[in-house]
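We name chains A, B, ... by the order of the sequence lines, and we start the count at 1 in each one.
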Amino acid sequence: MNILDIIYDKVPKALKALYDMDMGSENLIINVTKKEFEGDYTVVTFPFSKQAKKRPDQIAEELGVYLIENVEEFTKFNVIKGFLNLSVSDEYWKTFLADVLTNETFGESKKNGKKALVEFSSPNTNKPLHLGHIRNILLGWSTAKILEKAGNDVVKTQIINDRGIAICKSMLAWQKFGEGKTPQSEGIKSDHFVGQWYVFFETKFKVEYAKWQESDAAKSLLKEKEVKEENVIEFFKKYKNEYFNKYSQLGAEAKAMLLKWEDNDKEVKDLWNKMNGWVYEGFETTYKNLGVHFDTLYYESDTYLLGKDIINEGLEKGTFYKKEDGSVWIDLESEKMDHKLVLRSDGTSVYMTQDIGTAKVRYEELGTEKMIYVVADEQNYHFKALFAILDKLGEPFAKGCHHLSYGMVNLPSGKMKSREGTVVDADDLMAEVIKEASDAATEIGALAGIPKEEQEEIFRQIGLAALKFFIIKVNPKKSMIFNPAESVDMQGQTGPYVQNAGVRCRSILRKLGEYDKGLIAQYSDIKEPEKELLQLIHSYPEVVRDAAEDYDPSHVANYCYALAKNFHKFFNSGLSVIRAETEDAKSFRAALTESTLNTLASSMDLLGIDIPERM
RNA sequence: GGUCCCGUAGCUCAGUUGGAUAGAGCAACUGACUUCUAAUCAGUAGGUCACAGGUUCGAAUCCUGUCGGGAUCACCA
């Protein structure tokens, strides 16, 4: 039995026996004892004081005596004010170590029979992936892994936003100015190729718009709106969308193309398929390089009409109401929100409509009662409303929906802006971190004797570890500052630092060869650095559970760092494994090293990070 | 303006079901490689936990207000 379970079980019993108190285990406060005090676990006794009618330190004293007498795992205790510090026997820790060594599913929870869907990435198909997508993808991937470890059956998916005006802009630009060029003919990664045409469209549009601003139509508009001289620039900035829809030649052509697409026009559909095909090919490469994949895909072109029938049903049941102009709404004031549109007056759907429909389809197709949407925090309100609507519709999966909201990724210079060309491209970024890893490795020279191909793979693993760890270690809901220089750091609180701990484990175990696991129990007098490592390993399953419960991979990243740090400390503490003072010590430390490696590998895998054989 | 999120060391971040003297890394400085990988370790220095009240044995953590930053409040996606 796990020592924490024992504490949670025995302390209430002790309180009952000593003071005739009924204290549920959920009200106990148990901490790992702070380093500066003796002991392994601490029971906080202040909360018992009122009921027991005694001073906290007195209770701690009496509780300590009782626990030592009645629980064999406890060997001694000390009391400081209302803190009861309990020491756990070496026997317990040695048994734990021997068990964990052979436990291949350590950290995993039993299957809970629940199916969870994690949706992440979900890009538009008009331009390549960038740093914002990377945060999204890493969070999604890691969350999926964590949920899996916590006992869920997980389906990883993305909804690809493959239709709409954006892709039409790329298509139109290529059609008008592309002269039949292809990614192959230009030697450009195919999603970047499509992105260039999107940018090209925007450039052309900008020119057109600037020219129009000098026209009579624009001047009379300014007069009509009574725009002051000094506000003209500001006005046109805001007016851009309306210009696009009302006056723009290019805008009209793009919209005409969208209409043709909706009409299933063969020529447009062919073009659409061609360009999206290029984009998917490029995305595939990026995902592969990043080390992620999906179990199933959804395309907006398939789902964008979903949800209408649900709206109509809900209309009959009175969940929604219709305005005079024919638009359909829902009143969310009871949820402290607004009235929300779910169907336009012309009967076409909005984003909300298809999200309602898609959620239901997924539930029906996949049986996923948990659905996690990894989407930036600018859509907090949208998802709050979506989940409230699903709940009002009485959907059984509504309560299992969760918006894993994450903050924007900013640069030290400020926001990323496509207009100013400061958007950090995903492919460039990965290439950059891998190159940095390669440079650092060359400088150190530890990989000199290894075949080129293996070296390349290790550089990739290290570079990506730096990038991934840098991003995942930050609490998702916080917006983060991405400093490119720091993201390629390989020292300190970084991915490579954690990898290095694992590599050191591997190196020791490789040199040591076989060892006698039967001697673990013979080791006497566990030293402080050994104990700290053991306790950390011991807490791994709890970390996974917490991370799954909070949908927060940063917990796992912080755990990885703590474990690596403690191993490095142990490694430098003078407690040698290979040259241990006795065979017992050698066996114990080898087992400790192996368990550390296994736990590091397992926890880093939850972040999508590999631990190389050497570095 | 309404709603939501954030504010912790020079910088980047941990720590929030309320617990002991608030922790790491980077940057700076000092020391440790003929010793299991120095991408490491040991140490020095760095704090009004935005501010002001409140709740209590105890507050970075909970409540109220103020200030600062962000997001959102479309028949856009």
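Comment: A/Lys35 does not engage A/Glu532 in a salt bridge, judged by the lack of any side-chain N to carboxylate O separation of less than 4.0 angstrom. A salt bridge is defined here as a Lys NZ or Arg NE, NH1 or NH2 lying under 4.0 Å from an Asp or Glu carboxylate O, and A/Glu262 with A/Arg163 meets this definition.
Counting non-hydrogen atoms under 4.0 angstrom, A/Leu512 reaches nothing in the nucleic acid. Nucleic acid contact class of A/Ala441 (heavy atoms, under 4.0 Å, all strands): base. As judged by a 4.0 angstrom heavy-atom cut-off over every strand, A/Ile471 is placed among residues making no nucleic acid contact. Residue A/Arg506 is classed as having no contact, given no heavy-atom separation below 4.0 Å to the nucleic acid. Residue A/Glu300 is in sugar-phosphate contact alone, with no base atom involved, counting any heavy-atom pair closer than 4.0 Å across all strands shown.
Taking atom NZ of residue A/Lys336 and atom P of nucleotide B/U72, one finds them 23 Å apart after rounding to whole Å. Rounding to whole angstrom units, NZ of residue A/Lys569 and P of B/G25 are separated by 11 Å. Rounded to whole Å, atom C1' of B/C36 lies 14 Å from atom CD of A/Glu581. Nucleotide B/C41 holds its C1' atom 4 Å from the CG atom of A/Asn572, rounded to whole Å. Following rounding to the nearest Å, A/Asp377 (CG) and B/G70 (P) show an atom-to-atom distance of 13 Å. A/Met480 has its CE atom 14 Å from the C1' atom of B/C11, to the nearest Å. Between the NZ atom of A/Lys478 and the C1' atom of B/C49 there is a distance of 11 Å, given to the nearest Å. Per the geometry, OH belonging to A/Tyr559 stands 20 Å off C1' belonging to B/G25, to the nearest Å.
Applying the Watson-Crick and G-U wobble criteria (two distances, each under 3.5 Å), B/A60 pairs with nothing in any strand. When both pairing distances are held under 3.5 Å, B/A45 makes no Watson-Crick or G-U pair with any nucleotide shown. Look at B/U55: it lacks any Watson-Crick or wobble partner with both distances under 3.5 angstrom. Nucleotide B/U34 forms a pair with no other nucleotide shown, judged by Watson-Crick or G-U wobble geometry with both contacts under 3.5 Å. Partner assigned to B/G68 is B/C6, using Watson-Crick or G-U wobble distances below 3.5 angstrom. In this structure B/G1 sits in a base pair with B/C73, meeting the Watson-Crick or G-U test at under 3.5 Å.
Ring planes of A/Phe387 and A/Tyr373: tilted class, angle from 30 to 60°. A/Phe46 and A/Phe83 have perpendicular rings, their planes meeting at more than 60° on a 0 to 90° scale where under 30° would count as parallel. Classification of the A/Tyr559-A/Tyr540 ring pair by plane angle, with boundaries at 30° and 60°, yields parallel.
When the nucleotides B/A14, B/A77, B/A71 are ranked by their closest atom to the side chain of A/Val350, B/A77 comes out on top. The nucleotide whose nearest atom lies closest to any side-chain atom of A/His555 is, among B/G15, B/C11, B/U40, B/G15. For A/Lys415, the side-chain atoms get nearest to B/G70 when compared with the rest of B/C41, B/G70, B/C36. Listed nucleotides: B/U35, B/C6, B/C26. Nearest to the side chain of A/Arg579: B/U35. The A/Asn500 side chain lies nearest to B/A39 when the options are B/C36, B/C41, B/A39.
Comparing B/U30 with B/A45, their C1' atoms sit 11 Å apart, to the nearest whole Å. Taking the C1' atoms as reference points, B/A59 lies 44 Å from B/C76, given to the whole Å. Separation of the C1' atoms belonging to B/U61 and B/G18 is 6 Å when rounded to the nearest angstrom. Using P as the reference atom, B/G15 and B/A50 are 15 Å apart when rounded to the nearest Å. If you take atom P in B/A52 and the same atom in B/G46, they sit 22 Å apart, rounded to whole Å. Look at the P atom in both B/G23 and B/C63: the space between them is 25 Å, to the nearest Å. Between the P atoms of B/G47 and B/A9, the separation comes to 10 Å (whole Å). Taking atom P in both B/A22 and B/U16, the straight-line distance is 16 Å, to the nearest Å.
Proximity of the aromatic rings of A/Phe470 and A/Phe482 is defined here by a centroid distance below 6.0 angstrom, and this criterion is met. Taking the six-membered ring for Trp and the full ring otherwise, the centers of A/Tyr299 and A/Trp272 sit at least 6.0 Å from each other.
With RNA chain B read from its 5' end, the first of the two nearest nucleotides for A/Leu447 and A/Phe482 is the one closest to A/Phe482. Of the residues near RNA chain B, A/Ile481 and A/Ile30, the one whose nearest nucleotide (by heavy atom distance) lies more toward the 5' end is A/Ile481.
Counting all heavy atoms, side chain and backbone alike, A/Pro553 lies closest to A/Ile472 at CB-CG2, 3.6 Å. The two residues A/Leu411 and A/Ile481 come nearest to each other via the heavy atoms C-CG2, 4.1 Å.
Between A/Arg504 and B/C41 there is no side-chain polar atom (N or O) within less than 4.0 angstrom of OP1 or OP2.
In this structure, a donor-acceptor pair under 3.5 Å is present between the side chains of A/Ser301 and A/Asp162.
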Can you name the atoms? Protein N/O to nucleotides 18-24 of chain B N/O, anything below 3.5 Å, with the distance.
from, atom 1, to, atom 2, distance (Å)
B/A20, N6, A/Thr42, OG1, 2.8
B/A20, N6, A/Asn85, OD1, 3.0
B/A20, N1, A/Asn85, OD1, 3.3
B/A20, N1, A/Asn85, ND2, 3.4
B/A24, O2', A/Tyr561, OH, 2.8

